[in-house]
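Read the structure below first, then the notes.
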Amino acid sequence: MTIPSGVKPYKVIKDFLFNVVNKEFFVFLFFLAVSAGFWFMTVLNDTTEKEIAIPVQLTGVPTNIVITEPLPDTIRVVVRDKGFVLISYMHGDIVKPLKLNFASFARGTGKGYVPISEVQKMLGSMFYASSKIVTIKPEKLEFQFSFGMSKMVKAHIDGIIRPADTYYIARTVMYPDSVKIYASQAVLDSIKELFTENIELIGFTDTVTQDIPLKKIKGVKMVPDYIKATFYPDMLTEKIIQVPIVSVNMPEGLALRTFPAKVNVKVVAGRSRIDVIRPENFSVEVDYADVASNPSDKCKIILRTVPKGVANATLEMQQVDYLIESLR
C-alpha cells in the first residue's frame, strides 16, 4: 500500500484499524477471550484427578551400609481435587521430595520396607486437606542393603559376536574382566559368575568397542555395572605346514616309523598370525596302544596340539603306512 505524500503514516494505520470491518473483528476477539476465560475458570473449579510424580529419597544411610537394591526414585500419586489446586501442585513448590529415613525402615535381615500407610501419612501432610489421594504406585516400597560385604566376580559376555565372512575374532579385551559386587553373605556365596545383557554384533570388519551392561541381579550392587569390551577381527587366510609324526606310548625296545614321516596340516588363521605359526607349534601323534589293539596295514594319526590363534586346522590324511622296529 502506497501512502500519499502529506498524509501521516500513523493516521493511515489508525483509520485501517478502526474501520467498520476491523471494529467488528476486534469485538469478536474480545468476546472470544471473555468466553475462553469463563470456560477456563469453570474447568479449574471442577473436581478432577491428576497424576503427580514425587521424587523419593532414602536419607540417613550409615557409611558402612551399601544399598544393593534401591527404592524407586519416583512414586506416582493420583490426586483428586479442584483444577486450580492440582495446578498448584504441578507447577508450584508445594510438592517436595518424599524423604524416607533409613533407620526407620531398615531391618536386620538386610531388607527395608516402607508401609504404604506411612507413605499416605507423609503425603497427607504435604497436600491440602481438600485433596484426596486415589492411588499410589508402586504399591510396595522396598530396598535391600549389605553391611559392606563384597567380593570380586568374573564377568562373561553373553550374546552373538560374529564378524563378516572370511574374518574371525583374533582377540577380545574386556575391562574390567572382574566386577566387585555387594550383597548379603548368602547371596554373595551363591554367585559364581556374572553375565552381560544379551548382545548381537554381526558382520563387522574393523575393531569395535562397546560398553555392555551387566545383567541385573535383585539385591546385588555391581561396581561397575557394565564392562567395556573391544573385539579385534582379523582376515582369515590359509597355509600348508608340514608337521613331523611322532609315536607315543611305545614299549621299551620298540620304535614306530611312519611313511611319510611328516604330514601336511592345512591351517586357517588370521593374516596377522599366519606368518608366525611354525611346525613345532603343532603335534601329530600315532598311539602305539591303538596300533596294538587294532592291527592293520595303516595306522591312524591324530592332530593333538594346535597353537592359539588358529581358527581351523585339518590333516591332509588321516592314516599312514607304518613299520615297527626292534631296537635290541
Side-chain angles (χ1 to χ4, degrees), residues 154-175 177-178 192-193 195-196 199-209 227 229-328:
K154 186 80 174 175
H156 302 279
I157 297 173
D158 189 10
I160 301 173
I161 313 297
R162 188 170 63 242
D165 292 343
T166 73
Y167 283 80
Y168 84 114
I169 301 295
R171 187 162 58 104
T172 299
V173 176
M174 291 170 46
Y175 181 81
D177 61 356
S178 295
K192 307 301 181 185
E193 54 190 352
F195 292 91
T196 65
I199 178 176
E200 186 172 296
L201 189 59
I202 297 174
F204 59 99
T205 58
D206 293 324
T207 300
V208 175
T209 298
I227 62 165
T230 302
F231 305 99
Y232 296 88
D234 195 5
M235 182 175 286
L236 292 170
T237 187
E238 292 182 354
K239 183 178 183 179
I240 301 296
I241 297 178
Q242 276 201 328
V243 179
I245 303 172
V246 298
S247 56
V248 296
N249 297 323
M250 292 300 299
E252 188 176 350
L254 294 179
L256 189 151
R257 305 185 191 283
T258 63
F259 305 94
K262 296 181 179 181
V263 65
N264 287 339
V265 179
K266 183 178 179 181
V267 176
V268 178
R271 186 169 50 188
S272 62
R273 175 79 178 152
I274 198 75
D275 291 336
V276 300
I277 296 175
R278 298 288 181 265
E280 54 268 26
N281 302 136
F282 299 82
S283 65
V284 178
E285 298 177 353
V286 54
D287 191 338
Y288 176 81
D290 181 61
V291 173
S293 60
N294 300 284
S296 175
D297 293 339
K298 294 180 180 293
C299 62
K300 183 172 67 174
I301 57 176
I302 299 172
L303 180 59
R304 186 72 69 186
T305 303
V306 176
K308 186 177 180 181
V310 172
N312 190 27
T314 55
L315 292 169
E316 185 181 61
M317 57 183 68
Q318 304 298 317
Q319 293 182 322
V320 294
D321 294 325
Y322 71 98
L323 175 66
I324 297 176
E325 297 179 336
S326 174
L327 300 178
R328 295 175 183 173

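- Here Tyr232 contributes atom OH and Ile169 contributes atom CD1; the two are 11.5 Å apart, rounded to the nearest 0.5 Å.
- Counting non-hydrogen atoms of other residues, nucleotides and ligands closer than 6.0 Å to CZ of Phe195 gives a total above 12.
- Of all non-hydrogen atoms in Lys239 and Ile274, the two that sit nearest each other are NZ-O, 3.5 Å.
- Atom CZ in Arg271 sits 6.5 Å away from atom CG in Asp234 (nearest 0.5 Å).
- The two residues Val248 and Glu285 make their nearest non-hydrogen contact at CG1-CD, 3.8 Å.
- Rounding to the nearest 0.5 Å gives a distance of 13.0 Å between CD1 of Ile301 and OG of Ser247.
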- Message: Applying side chain to side chain contact (heavy atoms under 4.5 Å, CB included) to Ile157 and Thr172, what does each step give before you reach the verdict?
- Response: CA-CA 10 Å; Ile157 297 173; Thr172 299; 4.3 Å; yes
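- Applying the salt bridge (charged side-chain N to carboxylate O under 4.0 Å, His left out) criterion to Arg162, with sequence neighbours excluded, gives no partner residue.
- Between Arg171 atom CZ and Arg273 atom CZ the span is 12.0 Å, to the nearest 0.5 Å.
- Here the CG atom belonging to Asn249 is positioned 11.5 Å from the CG atom belonging to Leu256, to the nearest 0.5 angstrom.
- Scanning all heavy atoms of the two residues, the minimum distance from Leu303 to Leu315 falls at N-CD1, 3.7 Å.
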- Task: Please assess Tyr175 against Thr230 for the test side chain to side chain contact (heavy atoms under 4.5 Å, CB included), listing each intermediate value before the final yes or no.
- Result: CA-CA 9 Å; Tyr175 181 81; Thr230 302; over 6 Å; no
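- The only option from Val320, Asp321, Ile245 that meets the side-chain contact (heavy atoms from CB on, under 4.5 Å) definition with Phe259 turns out to be Asp321.
- Between Tyr167 and Met235, the shortest heavy-atom distance links the atoms OH-CE, 3.1 Å.
- Within 6.0 Å of CG on Asp165 lie no more than 12 heavy atoms contributed by other residues, nucleotides or ligands.
- Interatomic distance, Lys298 NZ to Tyr322 OH, rounded to the nearest 0.5 Å: 11.0 Å.
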- Message: One pair to check against side chain to side chain contact (heavy atoms under 4.5 Å, CB included): Val291 and Ile324. What are the steps and the verdict?
- Response: CA-CA 10 Å; Val291 173; Ile324 297 176; 4.3 Å; yes
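- The shortest non-hydrogen separation linking Val243 to Pro279 is CG1-O, 4.1 Å.
- Residue Lys262 places its NZ atom among 12 or fewer non-hydrogen atoms of other residues, nucleotides or ligands, all under 6.0 Å distant.
- Met174 and Ile227 get closest at one heavy-atom pair: CE-CD1, 3.5 Å.
- Checking side-chain atoms of Tyr168 against main-chain N and O of Gly309 turns up a donor-acceptor pair under 3.5 Å.
- Asp290 places no side-chain N or O within 3.5 Å of a backbone atom of Lys300 that could act as its donor or acceptor partner.
- Annotation: side chain of Asp206 is not in contact with side chain of Pro233 (no heavy-atom distance under 4.5 Å).
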